[in-house]
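Have a look at the structure below, then the notes.
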Amino acid sequence: VAPALKTLTLARTLAPSLSRGHPWIYRDNVPKDFGAESGQWVRVRAGEFVGYALWDTQSPIALRVFSELGVPDATWVARRVRAAHDLRAALRLDGVTAYRWLNGEGDGLPGLVVDRYGDYAVVAAYAGSLESVLPWLVSGLLECEELAGIVRRRDDGSIELLAGSEPPETVLVEEYGVRMHADLRHGQKTALFLDQRENRRTVGARSSGKRVLNLFSYTGGFSLCAARGGATRVVSVDVSAPAMEAARRNFHENGLTSPSFEFEVADVFDDVEARRARQESFDLCICDPPSFAHRHEQRERALAAYERLHAQALALVEPSGFYAASSCTGQVTPELFRQVLAAAARRAKRRLQIVHDAGQPLDHPVMAGHPEGRYLKFMVARVQKLV
Ligand code: SAH
């Protein structure tokens with residue numbers, strides 16, 4: 001028997017943000033005497049606002065608002081899954097077989113992410129309370145597509161089979177004609193950095209005849225696009241040996257075999273210094289570091305580290321060459337990112353002329369009322385000498 005729906009009245013100051021569609025209510029905003037079981041639906045009120053939220057006893061976000069109209073059920077969740085599927089139709093038409101099917105808050109299912117890799121779906125749930133929604137999510141996915149299997153990726157990296165059969169060691173997927181192996185068990189994120197798809201394409205279109213350096217290359221996404229785009233030299237650098245092995249395999253899978261495609265397992269900070277000492281230079285450098293700041297308190301140190309990194313990397317780019325930089329943390333706004341790049345350029349005694357400025361692709365939508373959903377920045381700039 002489902003427990004009776006509890007109503008929780010919150011400060012009216014929360015109403016504007018909630019009414020604009022921001023789905024998070026932090027624990028500090030919940031009266032101390034309120035209690036419910038994790039995963040229980042709660043009717044929340046703040047001034048004129050009424051919403052139906054999932055209560056979580058563990059995460060800093062105590063309540064995630066799903067609906068303003070009523071308590072969600074399996075049918076309601078299946079509709080969100082279907083709407084998210086519809087939004088990605090253009091990608092499927094383009095022959096893209098790996099994409100984010102459901103982007104949590106951005107698709108109206110807070111805390112839940114689904115990535116699709118061919119016939120498999122990988123689910124991630126960012127709070128314990130979401131456990132109760134998972135079965136509805138799984139049936140919603142199966143209603144849309146005939147999937148071979150649905151697995152869940154846990155924080156500790158383990159996977160759990162939710163439906164169908166276990167995925168093979170790697171699933172071969174395709175992105176605008178580029179084939180890539182996705183390791184759903186051991187890969188970072190859910191296997192690939194799907195959010196960089198359009199940016200990889202941008203790099204591919206700018207690589208013809210160029211010497212390309214790809215820093216933090218992971219399984220070689222940007223490198224593959226550069227090589228296919230006609231780059232004369234492609235150097236991939238990443239500290240992870242398995243990622244580099246996967247990059248080699250991906251090159252092979254795409255029939256890209258040449259001694260000018262180089263794979264370097266190294267710390268980028270050291271590698272860049274070594275190349276500078278050897279006076280190497282490149283026409284295009286891609287720099288897509290991991291997030292150095294997960295929390296607000298880490299932001300200042302992270303910004304300093306980014307500035308140093310970009311300054312070092314910029315020194316390897318031939319004047320009038322291009323620098324493509326990315327940042328994947330929501331802690332750094334696009335404006336701040338631009339400032340960091342400008343400061344890095346100053347250090348390297350260069351100017352950066354931005355020619356391309358991008359955010360998240362179609363399959364990583366951001367709700368207008370939830371700015372935290374915007375985390376990805378990608379800028380391409382021409383590197384100029386001081387004049
Ligand atoms: N550009 C990639 C994603 C990069 S993710 C793509 O499009 O798929 C960040 C990568 O940085 C990871 O592969 C991680 O192994 C690597 N990494 C983290 N710290 C590093 C360091 N100090 N030196 C080299 N690589 C590092």
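Remember, it's 1-based here, ligands and their atoms both numbered in the order they're listed.
For the side-chain hydrogen bond (donor to acceptor under 3.5 Å, both in side chains) criterion with H181, the lone passing option out of T219, T170, N250 is T170. Of the candidates N199, V234, L284, F222 forms a side chain to side chain contact (heavy atoms under 4.5 Å, CB included) with just one, namely N199.
Both tests do not hold together for R80 against W101: distance to the six-membered ring centre under 6.0 Å, angle to the ring axis within 45°. By the 6.0 Å and 45° rule, K189 does not stack over the aromatic ring of Y218. Judged by the 6.0 Å and 45° rule, R88 forms no cation-pi pair with Y99.
Polar contact check, T219 against ligand 1: no nitrogen or oxygen pair lies under 3.5 Å apart. For G221, no nitrogen or oxygen atom sits less than 3.5 Å from a nitrogen or oxygen atom of ligand 1, counting backbone and side chain alike. Ligand 1 has no N or O atom lying under 3.5 Å from any N or O atom of Q196, backbone or side chain. For ligand 1, the polar-atom distance check against S217 finds no nitrogen or oxygen pair separated by under 3.5 Å.
Looking at every heavy atom in both residues, Q331 comes nearest to L336 through O-CD2, 4.4 Å.
Using a 4.0 Å heavy-atom cutoff, A266 is listed among the residues neighbouring ligand 1. Taking 4.0 Å as the cut-off, A243 does not count as a neighbour of ligand 1 on heavy-atom distance.
When only non-hydrogen protein atoms are considered, atom 21 (C) of ligand 1 lies nearest to F216 CE2, 3.7 Å. In this structure, the protein non-hydrogen atom closest to atom 10 (C) of ligand 1 is D238 OD2, 3.4 Å.
Between D363 and R197, at least one side-chain nitrogen of the basic residue sits less than 4.0 Å from a carboxylate oxygen of the acidic one, meeting the salt-bridge criterion.
In S326, neither the side chain nor the backbone holds a heavy atom less than 4.0 Å from any atom of ligand 1.
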